[in-house]
**Q** 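Structure below; questions to follow.
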Amino acid sequence: MHKYHCELKNFREKEKQLETSCKEKTEYLEKMIQRNERYKQDVERFYERKRHLDLIEMLEAKRPWVEYENVRQDYEEVKLARDRAKEEVRKLKEGQIPITQRIEEIERQRHNLEARIKEKATDIKETSQKCKQKQDVIERKDKHIEELQQALTVKQNEEHDRQRRISNTRKMIEDLQNELKTTENCENLQPQIDAITNDLRRVQDEKALCEGEIIDKRRERETLEKEKRSVDDHIVRFDNLMNQKEDKLRQRYRDTYDAVLWLRNNRDKFKQRVCEPIMLTINMKDNKNAKYIENHIPSNDLRAFVFESQEDMEVFLKEVRDHKKLRVNAVIAPKSSYADKAPSRPLNELKQYGFFSYLRELFDAPDPVMSYLCCQYHIHEVPVGTERTRERIERVIQETRLKQIYTAEEKFVVKTSFYSNNVISSNTSLKVAQFLTVTVDLEQRRHLEEQLKEINRKLQAVESGLIALHETNKHLEHKDNELRQKKKELLERKTKKRQLEQKISSKLGSLKLMEQDTCNLEEEERKASTKIKEINVQKAKLVTELTNLIKICTSLHIQKVDLILQNTTVISEKNKLESDYMAASSQLRLTEQHFIELDESRQRLLQKCRELMKRARQVCNLGAEQTIPQEYQTQVPTIPNGHNSSPPMAFQDLPNTLDEIDALLTEERSRASCFTGLNPTVVEEYTKREEEIEQLTEELKIKNVELDKYRENISQVKERWLNPLKELVEKINEKFSNFFSSMQCAGEIDLHTENEEDYDKYGIRIRVKFRSSTQLHELTPHHQSGGERSVSTMLYLMALQELNRCPFRVVDEINQGMDPINERRVFEMVVNTACKENTSQYFFITPKLLQNLPYNEKMTVLFVYNGPHMLEPNRWNLKAFQRRRRRITFTQPSQ
């Protein structure tokens, strides 16, 4: 019912608004119709004059269109000729397509033949390699046979030599014995011995001088070796710095470090160059600038391996990722190098803003690494500035249009909005460098390597000098030995007989040993022959295999020659087709030139047409995007309410020549000048009022329909709301009357309103009387006392309780202001009502109650003990209070 009541109030409010709006619009519409009737004749004369002016306007509009049409016809003729030339060009191009396709087909065939020729060449090379291998094996077999034969020959020669030496020894013994027999005392040899002694002393002096020079050279060599060790130590220290970088890599990215160790041991598996992780190959020229590089290049790429070949990268990743389960990164350097690519702007142009370098110039790196970083991160385009750059950063961004900028401690990224074209910049603080702070001075290392080469060169020179001195010393020593030998021989000649006897004895011993050392040549020859036969069998087998390979190689050569002949034929055919294509292209160029001339003529006529079209559109007040004026092709304007000044005239019905148009223009201008004293404002007001009348009429119809709809809705909702409401009020009235009757009073409740249509002013009216001598009066603050109003309110609430179910009710000090009789009656009525079955729970709050009121077992009485003189809660003892109360009660009768 509440919903229906709200709907009724809303509907009634809208109904009032619609009634007011309809009344106002009807009055205004009548005034507008009366005003338009007064100006109707002036409007008709105005439109008669406007018909002539419109015709003049149409004639003036058509005149440039006629001029345009004449030029357009010339344009169409030239365009037709151009289209014919274009069609001829198209046919010539289509005629060239088969030739082009044939050339492409022959080119593909040529590439295929060349590929097959290369394959045959590869097969020939492989077969030739196999033949060479077989030949090498055969040569080794021959060499082995030769070695066996040489070994046998050596043994034979040794045996012959042994026999010869035995014979010679016997002969020498015989000669020594004969000499011993004929030996006499030698002459005085002392002068010769003295001369040899002097020569020997001179040679020994030269030998001592040479040995002194050798000692000096050795000292110089030791000095150079010390310098070499020092340089080697410096190089080792540089290598230790590199090891520090590797230690950082091992601590932070263990998998990458393990992959580096694997790569160093397996470089032979790769065809092209493979660079170790970028953080190891980069060498900062100044470690202060390392932060720029580490902030620009992500850590994933800093620990990435750089490859020049996709195949090598796949082999690497398959080994370390799939087999070793290492988490590593790998990238491919661009095929064309970017390492030396120049920046788009020279650095000199940027120095005025505080920039001192591009990122690329801050470090050294291998060519593949540098090429990849330039291609991927554009390090050759990103400048590095100072605090001066940071101070004027807004000017730098606006003037340079750089996308990325580094200052002393910040990185700036500049972007341009795709929608607004505004420049957007963001800045971040630079992180501290972690990996690239270790710097190896490669220039100094190269200097040390050159110094090491110079030391090695000097060492070689010293070694060469030592060798020469050793040779000289050796020669002197040999000469010393010869002199000593001569001196010795001269000294021995004094005791020659004794020496001869000793020699004879020695030779006899040697002869005996040589006769005992014998060799079986036949057995050695048989063993060598057996081994040579085995090798010859293997050699025959190898020769057979070599023959087969030579046959295969010959067959491949024949196939290759055949393919070369086919390729030559294809190239000849291609050259012929290209010649035909060039002839057709020459004819095509001539035709295209003719087409271009016609097209230029067409463009000139088109430009003239556009100028005339532009002038015609300006005359017709048409925009550039509008088509040919439709209003000039249909009819002239009409007077509102369907009055036409003359029958419609089509644009095409006007004269088609310039002379006829000029004559008709003169006539129409004369007629239009006859209409005077007309005010266009009156027509505008008339037309505006007509439109407004039509609009108001339509709005009024809509409003009336809407008003009828609202009234129908109000009737329906009112019926659904008012009938149940009256039944409910009747039930409440019945309960209310019964409660008052039980108190020997009278009371009733009804639904009351001043106006039946004012749904928001409906209300419950309570009328009561507490004395039999009075009439029923409406319950108001002025007619009844406070206690009577409290009783009436309490009874009304009790009448509502059976119709409105709720879990509990609270009644606060309702008995204040009641006289004792009414208070007792109301209390009894509340007790009886609250203690019924299935009744809401009552909370009755009051500061005082009458004595001897009726109570029910279902009631609970709660006392609130509070006040300034009350005991504290921890001192309160209810049992002691009850005992004291009983004692007071027992002692009162005795008093």
**Q** Leu459 pairs by side chain to side chain contact (heavy atoms under 4.5 Å, CB included) with which of Glu454, Lys228, Glu220?
**A**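 By the side chain to side chain contact (heavy atoms under 4.5 Å, CB included) criterion, Leu459 pairs with just one of Glu454, Lys228, Glu220: Lys228.
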
**Q** Using a 4.5 Å cut-off on heavy atoms from C-beta on, say whether the side chain of Arg345 contacts that of Thr400.
**A**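 The answer is yes; the side chains approach within 4.5 Å.
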
**Q** For residues Val561 and Ile558, determine if any side-chain heavy atom of one lies less than 4.5 Å from a side-chain heavy atom of the other.
**A** no

**Q** So does Lys458 have more than 12 non-hydrogen atoms from other groups sitting under 6.0 Å from NZ?
**A**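 No, NZ of Lys458 has 12 or fewer neighbouring heavy atoms, counting only those of other groups under 6.0 Å.
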
**Q** So which atom in Glu381 and which in Ser344 form the shortest heavy-atom distance, rounded to 0.1 Å?
**A** OE1-OG, 2.8 Å

**Q** Apply the test side chain to side chain contact (heavy atoms under 4.5 Å, CB included) to residues Leu452 and Glu450: give CA-CA distance (whole Å), side-chain angles for both, the deciding distance (0.1 Å), then the verdict.
**A** CA-CA 5 Å; Leu452 183 62; Glu450 291 174 359; over 6 Å; no

**Q** Which pair of heavy atoms, one from Ala121 and one from Lys560, lies closest together, and at what distance?
**A** CB-NZ, 4.0 Å

**Q** Less than 4.5 Å apart, any side-chain heavy atom of Thr416 and any of Asn422?
**A**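 SC-SC contact between Thr416 and Asn422 ruled out.
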
**Q** Given Met279 and Tyr253, is the side chain to side chain contact (heavy atoms under 4.5 Å, CB included) satisfied, shown in steps?
**A** CA-CA 11 Å; Met279 67 171 61; Tyr253 305 110; 4.0 Å; yes

**Q** Could you give the distance from CD1 (Ile571) to CD (Glu107), rounded to the nearest 0.5 Å?
**A** 8.5 Å

**Q** Is Thr591 reaching over with its side chain to a backbone N or O of Gln587, donor-acceptor style, under 3.5 angstrom?
**A** yes

**Q** Does the side chain of Ile405 reach to within under 4.5 Å of the side chain of Leu402, using non-hydrogen atoms?
**A**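 A side-chain contact exists here, since the closest heavy-atom pair is under 4.5 Å.
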
**Q** Please report the closest heavy-atom contact between Ala339 and Asp367, naming both atoms and the distance.
**A** CB-OD1, 3.3 Å

**Q** How would you list all residue pairs meeting side chain to side chain donor-acceptor pair (under 3.5 Å) that involve residues 461-474, not counting sequence neighbours?
**A** Arg221-Glu463

**Q** Give a yes or no on this: more than 12 heavy atoms of other residues, nucleotides or ligands lie within 6.0 Å of atom CD of Glu94.
**A** yes

**Q** Please check: side-chain N/O of Ser586 versus main-chain N/O of Met582, any donor-acceptor pairing under 3.5 Å?
**A** no

**Q** Answer yes or no: is there a donor N or O on one side and an acceptor on the other, between the side chain of Asn289 and the main chain of Lys285, under 3.5 Å?
**A**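 Answer holds: no.
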
**Q** Could you check if a side-chain atom of Phe363 sits within less than 4.5 angstrom of a side-chain atom of Asn283, using non-hydrogen atoms only?
**A** no

**Q** Tell me yes or no: between the side chains of Gln272 and Asp312, is some donor less than 3.5 Å from an acceptor?
**A** no

**Q** For atom CZ of Arg395, is the number of surrounding heavy atoms from other residues, nucleotides or ligands below 6.0 Å larger than 12?
**A**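 Check passes, neighbour count above 12.
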
**Q** Closest heavy-atom contact between Ile293 and Ile282?
**A** CG2-CD1, 4.3 Å

**Q** Does the salt bridge (Lys or Arg N to Asp or Glu O under 4.0 Å) test come out yes or no for Glu592 and Lys93, once each step is laid out?
**A** CA-CA 10 Å; Glu592 286 178 341; Lys93 287 184 178 179; 3.8 Å; yes

**Q** Salt-bridge test for Arg254 and Asp258: reply yes if a basic N is under 4.0 Å from a carboxylate O, no otherwise.
**A** yes

**Q** So Phe270 and Leu263, side chain to side chain contact (heavy atoms under 4.5 Å, CB included) or not? Walk me through it.
**A** CA-CA 10 Å; Phe270 303 100; Leu263 174 63; 3.5 Å; yes

**Q** Would you say the side chains of Tyr377 and Asp301 form a donor-acceptor pair under 3.5 Å?
**A** yes

**Q** State, without any angle test, whether Gln460 and Asn456 hold a side-chain donor-acceptor pair at a distance under 3.5 Å.
**A**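 Short answer, no.
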
**Q** Please round to the nearest 0.5 Å and tell me the distance separating atom CD of Gln310 and atom CD1 of Ile332.
**A**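 Gln310 atom CD to Ile332 atom CD1 measures 3.5 Å (nearest 0.5 Å).
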
**Q** Quick one: closest heavy-atom pair of Val369 and Cys275, and the distance?
**A** CG2-CB, 3.9 Å

**Q** Flag the pair Glu308 and Arg273 as a salt bridge only when some basic side-chain nitrogen lies within less than 4.0 angstrom of an acidic carboxylate oxygen.
**A** no

**Q** Tell me whether the centres of the aromatic rings in His380 and Tyr338 are closer together than 6.0 Å.
**A** no

**Q** Parallel, tilted or perpendicular: which one describes the rings of Phe316 and Phe307, with boundaries at 30° and 60°?
**A**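 Ring orientation, 0 to 90° scale: tilted.
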
**Q** Any salt bridge between Lys574 and Glu578, counting N to O under 4.0 Å?
**A**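 The answer is yes: the pair qualifies as a salt bridge.
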
**Q** Does this structure show an ion pair linking Arg267 with Glu276, if we count only N-O contacts that are shorter than 4.0 Å?
**A**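 Here Arg267 pairs with Glu276 in a salt bridge, since their nearest N and O are under 4.0 Å apart.
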
**Q** Is the number of heavy atoms from other residues, nucleotides or ligands under 6.0 Å of Asp340 CG greater than 12?
**A**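 Not buried by this count: 12 neighbours or fewer within 6.0 Å.
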
**Q** Does any non-hydrogen side-chain atom of Leu317 lie less than 4.5 Å from one of Asp322?
**A** no

**Q** Quick one: pull up OG in Ser357 and NZ in Lys351 and give me the separation to the nearest 0.5 Å.
**A** 9.5 Å

**Q** Taking side chain as C-beta onward, heavy atoms only, is Thr386 less than 4.5 Å from Thr407?
**A** no

**Q** In a check of side chain to side chain contact (heavy atoms under 4.5 Å, CB included) between Tyr292 and each of Val382, Leu362, Ile379, Leu436, which one passes?
**A** Leu362

**Q** Please say whether more than 12 non-hydrogen atoms of neighbouring residues, nucleotides or ligands are located less than 6.0 Å from CZ in Arg321.
**A**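 Yes, CZ of Arg321 has more than 12 neighbouring heavy atoms, counting only those of other groups under 6.0 Å.
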
**Q** Give a yes or no on whether a salt bridge exists between Arg110 and Glu114, defined as a side-chain N under 4.0 angstrom from a carboxylate O.
**A** yes

**Q** Is it the case that the side chains of Arg392 and Tyr353 hold a donor-acceptor pair, with the cut-off being a distance below 3.5 Å and no angle test?
**A** no

**Q** State whether the side chain of Asp255 and the backbone N or O of Arg327 hold a donor-acceptor pair below 3.5 Å, judged by distance alone.
**A** yes

**Q** Salt bridge (Lys or Arg N to Asp or Glu O under 4.0 Å) with Glu409: which of Lys431, Lys291, Arg390?
**A** Lys291

**Q** May I ask you to decide if Asp123's main-chain N or O and Thr127's side chain share a donor-acceptor pair within less than 3.5 Å?
**A** yes

**Q** Kindly give the heavy-atom pair with the smallest separation between Arg303 and Thr256, and that separation in Å.
**A**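 Distance-wise, the nearest heavy atoms are O-CG2, 3.6 Å.
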
**Q** Decide yes or no for Met313 and Phe305: does some side-chain heavy atom of the first lie under 4.5 Å from some side-chain heavy atom of the second?
**A** no

**Q** As an exercise, state the distance from CG of Leu224 to CZ of Arg219, rounded to the nearest 0.5 Å.
**A** 14.5 Å

**Q** Please check if the number of heavy atoms outside Lys130 that lie under 6.0 Å from its NZ is greater than 12.
**A**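 Not more than 12 within 6.0 Å, no.
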
**Q** Is the shortest side-chain N to carboxylate O distance from Arg140 to Asp136 below 4.0 Å?
**A** no

**Q** Could you point out which residue of Arg82, Lys86, Gln603 forms a side chain to side chain contact (heavy atoms under 4.5 Å, CB included) with Leu598?
**A**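 Result for side chain to side chain contact (heavy atoms under 4.5 Å, CB included) with Leu598: Arg82.
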
**Q** Side chains of residues 98-106: which donor-acceptor partners sit under 3.5 Å, not counting sequence neighbours?
**A**
residue	atom	partner	partner atom	Å
Thr100	OG1	Gln96	O	2.8
Arg102	NE	Glu573	OE2	3.2
Arg102	NH1	Glu105	OE2	3.4
Arg102	NH2	Glu573	OE1	3.4
Arg102	NH2	Glu573	OE2	2.7

**Q** Could you walk me through whether Arg252 and Gln434 pass the side-chain hydrogen bond (donor to acceptor under 3.5 Å, both in side chains) check?
**A** CA-CA 10 Å; Arg252 187 69 180 272; Gln434 298 178 359; 3.0 Å; yes

**Q** Do the side chain of Arg388 and the main chain of Gln352 share a donor and acceptor less than 3.5 angstrom apart?
**A**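 Flag set: sc Arg388 to bb Gln352 pair under 3.5 Å.
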
